[in-house]
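Here the structure is laid out as structure tokens; the discussion comes afterwards.
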Amino acid sequence: MQTDIAISRAAILKPINEIAATLSIPPQAVEPYGHFKAKIDLSRVPATGKQGKLILVTAINPTPAGEGKSTTSVGLADALNRIGKRAILCLREPSLGPCFGTKGGAAGGGYAQVVPMEDINLHFTGDFHAITSAHNLLAAMIDNHVHWGNALDIDVRRIVWRRVLDMNDRALRDIAQSLGGPANGYPRESGFDITVASEVMAILCLASDLEDLEARLGRIVVAYTRGKQPVTARDLKADGAMAVLLAQAVKPNLVQTLEGNPAFVHGGPFANIAHGCNSVIATRAALGLGDYVVTEAGFGADLGAEKFFDIKCRQSGLKPSAAVIVATVRALKMNGGVAKADLGIADPEAVRRGGVNLARHIENVRQFGVPAIVAINKFSTDTEAELEVIREIAAAQGSEAILCTHWADGGVGAQALAEKVAELCDHATPQFAPLYDDGLSLFDKINTVATRIYRAEEAIADPGVHAQLKRWEDAGFGALPVCMAKTQYSFSTDPAKLGAPTGHVVPVREVRLSAGAGFVVAICGEIMTMPGLPRVPAAESIRFGANGEIEGLF
Ligand code: ADP
């Protein structure tokens, strides 16, 4: 099989206007970026009154390589179109950092990709640069405010707004800034996060429109005064200029799949300290234009699906009709204790042992009132005996596992899945409800996720964490949902506890307020908000080949 980039390059793309026309988007709403990408000006798209069915693609706890959620989302959207359904795909935009690190691109894979792959992975329509600029404008305005007399009485030891950059650069994690004398401001410690970890990114992805975006930007808490009162972006009068910088970024990006079906690729927040889903604006637009909308959430269902339901759907009022849980033989084997190097050896019993992981994710998704179906993303090393075990595990949960070969075959390989998903959407009455009520205390919300989704005995925290949560409740932030940040490899906070661990506790190390995004982050374990590059970064093999085409972007 060819590499992802070779497959994507061989594709004959349709002009983006043609893709927009298939959705009846009027030409005046299409703002082309080159020939194959466009921003859609939703103010020029007439309301259809339509409400398509929303399908979430999520997964079991992943292996380090990812389980193929994006690939399966693309395959499913193509397959739905193949069986005559008007389906639109909604994905996240990839970050530059991982492209040059270990993970490679993030536009699906094999014959289930969104294209143009190089553009989507590298700069795309500039959204991340706009977010970086808006974020750093606010950072500059904080230091500037302090420099010119600090009328707001900002405690420079309690500035919580760092700077961002869309690159993996460990050198910038912790920095001393404003050195060099009085003209350069007050020296203090700070640091950089990767752009996808910016609260501005989460805000862009949760805002319902430009107006809501500006209101949320204004609510960002950037620092505390010497009297411990929150200082916001609005206090600094930064919200208006930040919104202006984001005016283009807020418009969803339209591209196509390899099979010429429409895809919105818009926004890409971290899935740990943020909620890990594409923008609400894109999802809503797609629901108004298509009959079925396929979207994905980051990491496994314990993190991604929970936040999709409890943060994105809660805030936006979206009601998903079905969920697809992507499982692979190799990830289940890993969950069953097989070492990475041995994943190629057939071992149905290990699949069975690891299957407890899949079973728990199916149960969990159902807790939200959403019917779940399992997509087996087939790898060439899978054996029939191993695949059969997955079918048995799903059946034992009253669900069904469908073998999918979209990576090797394109949409036709996910047609059986598409039939089942369409049937679920059309015939099951969805009973979606978030896991907990807004009125529960912040710590009880954390504890609810820990016990009901992670199946921990309890969540625990130091008195300092409890006191902080109490202060936020007193300040009026108590109704916000919680955003859990923990390892994606395990239901527990220990990445080595695979399968379906029980008896663990979830220690909350730190809590952070994302008042603009509208959630309280509970950090459980070491969470990296500025990744580093590996010993041999992918960047070393990315170059122009003899014919001027990009090589090494897999
Ligand atoms: P996720 O969304 O879960 O992170 P992706 O869909 O981005 O995963 O896929 C991760 C990588 O795995 C991609 O490089 C993709 O080409 C590859 N991949 C996905 N499915 C398969 C498969 N069935 N066989 C081989 N490689 C696959």
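Whatever order the structure lists ligands and atoms in, that order sets their numbers, starting from 1.
- Annotation: cation-pi geometry satisfied between Arg360 and Phe491 (NZ/CZ under 6.0 angstrom from ring centroid, within 45° of ring axis).
- For a threshold of 3.5 Å applied to N or O pairs, the pair formed by Gly68 and ligand 1 contains at least one separation below that value.
- A heavy-atom distance below 4.5 Å is found between the side chains of Tyr33 and Lys39.
- Checked against a 3.5 angstrom limit, the closest N/O atoms of Asp4 and ligand 1 fall inside it.
- Aromatic ring orientation, Phe368 versus Phe432: parallel (interplanar angle below 30°, classes split at 30° and 60°).
- Close contacts between ligand 1 and Asn377 involve ligand atoms 19 (C), 20 (N), 21 (C), 22 (C), 23 (N) [criterion: under 4.0 Å to a heavy atom].
- Residue contacts with ligand 1: Thr72 is placed with no nitrogen or oxygen under 3.5 Å of a nitrogen or oxygen of the ligand (distance criterion only).
- When Lys69, His406, Arg330 are ranked by how near their heavy atoms come to atom 3 (O) of ligand 1, first place goes to Lys69.
- Residue pairs meeting the salt bridge (charged side-chain N to carboxylate O under 4.0 Å, His left out) criterion with at least one member in residues 283-305, sequence neighbours excluded: Lys50-Asp291, Arg92-Glu296, Asp302-Lys486.
- Considering only residues two or more places apart in sequence or on other chains, Phe128 meets the ring pair (Phe, Tyr, Trp, His ring centres under 6.0 Å) condition with none of them.
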